[in-house]
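Here's the structure we're looking at; comments come further down.
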Amino acid sequence: MMRIAPTLGLALLVNVSVAQGDPAEMPLLGDSRLHLYTQQAYEGFDPATEAAVNERYDELVDAGMDTVRHLFDWQDLEPTPGQYDTALVIEAMDAAIERGIKHQFPNLVVIDSAGPVVPQFVEDLLAGGASWDDPQITDAFADLLSVFVPIMLERDMFMLGLSNEPGGYYEDEPELAATFKGFVEAAVEQAHRLEPDLATTVVFAGPNDPAIPDLLPLGDVASFNNYIYFAESDPACQLNGEPLPLFRSDTAENVGRYLDELIAVAQGKLVNIQEIGQAVSGTTLGPNAGEGNQAAVYAALNDALGQRQAQIRTVCNWTLNDHDQAWLSLGQDLVNDGLPQCIADNVVDIFTTTGLVRSDTSATKREAFEQFKAGVSRFAGAPADSAFSINQGIAGAWFDPTRPGQGFLIDVKADPVQPLVFLAWFTFPADATGDSDDLSQRWYTAQGSYEGASAEDLLVSLTTGGRLDSPESVATRPVGTVTLRFQSCTDGEVIYELDEGPSGTIPITRLLTGTDGLCEAL
């Protein structure tokens with residue numbers, strides 16, 4: 001996948017102990033919480049559009065976005081042997097700090113999606129028969145790290161990247177790429193020598209990157225770029241009879257599945273995800289097109305991340321704004337390179353419709369912008385390692401403002417021997433039509449023990465057959481399970497799985513503001 005302009009963003013990080021290799025102790029970020037961030041696309045925009053996009057970015061910073069990502073190519077940092085362009089890094093990182101960014105993720109890229117991005121003297125060594133683990137190359141990069149790591153640590157670097165999407169190089173140059181493992185080993189060793197608690201990573205192109213077996217075990221954090229795929233059934237839009245994967249197009253239904261796939265590949269390491277996005281274009285997505293679906297994907301992402309804060313620490317949105325129409329030339333370039341026109345059209349659609357805001361002079365917001373902003377605010381106020389525990393002050397009415405006409409009543413018995421939580425859930429049937437017995441409403445109840453901030457796998461029962469103000473008996477039967485989890489006295493989530501088929505996560509907040517005083521006191 002090709003890389004776009006220098007990226008700014010906000011991330012989700014935590015602290016990790018590099019020397020021990022224990023993900024629970026590694027210092028990625030001091031607050032040990034999930035961070036969402038976004039990158040901006042600046043390529044040929046007029047000043048009014050650029051200013052408007054900056055305002056949207058600042059709005060996210062005000063909501064709690066506090067992290068950024070940078071990509072710096074080795075060839076740019078060391079234009080001649082032993083001569084370093086430190087201004088490139090200092091200016092970029094200082095500019096982020098001036099915008100309110102507190103934590104920074106620089107990637108010193110050696111191999112990128114299109115191949116090596118190294119100084120000429122390294123290219124000459126490789127062309128002359130040297131391998132990546134040749135001391136002339138590893139020592140040169142160690143010297144580079146000695147110059148740049150202190151500069152970046154002064155600017156709140158929380159993690160160091162050591163290449164971006166090397167999998168393509170592994171496929172194109174398998175014999176030489178096999179020696180890159182030794183290069184990364186030496187780079188990680190030098191980084192830890194300079195700062196033992198510095199987390200290192202290599203960013204892979206999704207969970208199937210061929211470089212993963214060699215390189216993922218070497219880093220302290222598992223990092224993945226996300227892709228939107230389109231699968232064409234028309235043979236004229238395929239290569240060698242196979243649809244060309246470009247990006248991954250996650251619908252609201254499969255967001256959680258994809259996150260679980262990345263977690264499984266991560267081998268127990270904390271996960272950093274780059275470039276999650278959802279296009280709007282009908283050309284690309286077919287029946288999954290539309291701004292409503294884009295917003296639904298981001299809402300589902302917030303819910304899914306809320307369940308996985310222990311494993312995922314940084315998520316980068318791709319992108320804040322659509323790329324401008326200059327990217328239309330990219331489509332012609334792809335056709336000139338031999339790709340079918342339909343594939344080129346899909347690529348352009350993705351670049352020009354994935355943004356949370358449109359690239360017009362007012363940077364008009366899409367609904368997905370507000371969903372993403374809500375996620376930024378939510379995780380900015382909910383540390384993953386919080387010592388919060390359920391107490392009697394949780395009792396009261398809770399709901400999700402985006403799901404009108406339904407909600408929860410919660411009660412708590414704070415018994416040190418047998419703690420108990422009770423939940424009444426007022427909602428509707430999944431098919432939204434109901435039946436003649438209980439009209440179009442559902443009354444679910446659940447109760448059970450809790451520990452810490454959660455009540456896990458409570459048995460859910462459905463009550464039917466009652467009549468208004470009537471002593472008639474009712475029927476109650478088990479229909480699934482529900483889990484209650486709270487991040488604070490004002491924010492939580494209900495995770496449900498019903499035997500009838502529906503499952504999901506509902507973020508909840510208090511129905512009445514100002515009722516959290518007892519909870520906070522306890």
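Note that the structure is predicted; figures quoted are calculated from it, not measured. Values below: all heavy atoms of this structure, side chains included; hydrogens, waters and symmetry mates excluded.
Listed by chain and number, the residues in a side-chain contact (heavy atoms from CB on, under 4.5 Å) with A299 are Q371 (sequence neighbours excluded). Applying the side-chain contact (heavy atoms from CB on, under 4.5 Å) rule to T201 yields the partners F105, M159, V221, S223; only residues at least two apart in sequence or on another chain are considered. With sequence neighbours excluded, no residue satisfies side-chain hydrogen bond (donor to acceptor under 3.5 Å, both in side chains) with Q75. Taking the side-chain hydrogen bond (donor to acceptor under 3.5 Å, both in side chains) definition, one finds that E123 meets it with nothing, sequence neighbours left out. Residues satisfying the side-chain hydrogen bond (donor to acceptor under 3.5 Å, both in side chains) test with T179, not counting sequence neighbours, are none. Residues passing the ring pair (Phe, Tyr, Trp, His ring centres under 6.0 Å) test with Y496, sequence neighbours excluded: W425. Every residue two or more places apart in sequence or in another chain was checked for a ring pair (Phe, Tyr, Trp, His ring centres under 6.0 Å) with Y170, and none qualifies. By the ring pair (Phe, Tyr, Trp, His ring centres under 6.0 Å) test, F224 pairs with no residue at all, sequence neighbours left out. Partners of D46 under the side-chain contact (heavy atoms from CB on, under 4.5 Å) rule, at least two apart in sequence or in another chain, are A48, T49, T361. The side-chain contact (heavy atoms from CB on, under 4.5 Å) check on A52 picks up A363, with sequence neighbours excluded. Shown here are the side-chain hydrogen bond (donor to acceptor under 3.5 Å, both in side chains) partners of T86, two or more places apart in sequence or in another chain: there are none.
A heavy-atom distance below 4.5 Å is not found between the side chains of I137 and F141. When side chains are defined from C-beta on, N54 counts as touching E50, because their heavy atoms get closer than 4.5 Å. Here the side chains of F379 and V315 are not in contact, with every heavy-atom distance at 4.5 Å or above. In this structure, the side chains of I101 and M93 stay at 4.5 Å or more apart for every pair of heavy atoms. Looking only at side-chain heavy atoms (C-beta outward), F180 and D214 stay at 4.5 Å or farther from each other. A heavy-atom distance below 4.5 Å is found between the side chains of L162 and V188. Between T509 and F399, some side-chain heavy-atom pair lies under the 4.5 Å cut-off. Side-chain contact between L305 and L36: present, with at least one pair of heavy atoms (C-beta onward) separated by less than 4.5 Å.
If you take NE2 on H70 and CE on M157, they are separated by 11.0 Å, rounding to the nearest 0.5 Å. In this structure, N272 CG and F204 CZ are separated by 11.5 Å, a value rounded to the nearest 0.5 Å. Distance check, rounded to the nearest 0.5 Å: OG1 of T353 to CD of Q278 gives 9.0 Å. D85 contributes atom CG, which lies 9.0 Å from atom CD1 of I90 (distance to the nearest 0.5 angstrom). Summarising the geometry, atom CZ belonging to F486 is positioned 10.0 Å from atom CG belonging to D491; distances are rounded to the nearest 0.5 Å. Here CD of E261 is found 11.0 Å from CD1 of I263. Values are rounded to the nearest 0.5 Å.
Between the side chain of D360 and the main chain of S362, a donor-acceptor pair closer than 3.5 Å is present. With hydrogens and angles ignored, the 3.5 Å screen pairs no side-chain donor or acceptor of E165 with any backbone N or O of A205. Distance alone, capped at 3.5 Å, places no donor-acceptor pair between the R366 side chain and the A295 backbone. With hydrogens and angles disregarded, no donor-acceptor distance shorter than 3.5 Å links the side chain of N164 to the backbone of V203. No donor-acceptor pair closer than 3.5 Å links the side chain of R56 to the backbone N or O of T364. Under a 3.5 Å cut-off, the side chain of K373 and the backbone N or O of A63 do not form any donor-acceptor pair. Counting only distance, with no hydrogens or angles, the side chain of N321 and the backbone of A41 share a donor-acceptor pair below 3.5 Å. A donor-acceptor distance shorter than 3.5 angstrom exists from the side chain of S163 to the backbone of I111, with no hydrogens or angles considered.
Summarising the local packing, CD of E497 is surrounded by 12 or fewer heavy atoms from other residues, nucleotides or ligands at distances under 6.0 Å.
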V376 vs T38, test: side chain to side chain contact (heavy atoms under 4.5 Å, CB included). Steps then yes/no. CA-CA 10 Å; V376 168; T38 188; over 6 Å; no
Using the side-chain hydrogen bond (donor to acceptor under 3.5 Å, both in side chains) rule, take T200 and D220 through it: C-alpha gap first, then chi angles, then the decisive distance, then the call. CA-CA 5 Å; T200 62; D220 304 303; 3.0 Å; yes
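In this model, no donor atom of one side chain and acceptor atom of the other lie less than 3.5 Å apart for N225 and D209.
Checked against a 6.0 Å centroid threshold, the rings of F351 and W318 count as neighbours.
Electrostatic pairing of R378 and D303 counts as a salt bridge here, judged by a charged N lying under 4.0 Å from a carboxylate O.
Residue pairs satisfying the salt bridge (charged side-chain N to carboxylate O under 4.0 Å, His left out) criterion with at least one member in residues 87-96, sequence neighbours excluded, are listed as follows: D94-R155.
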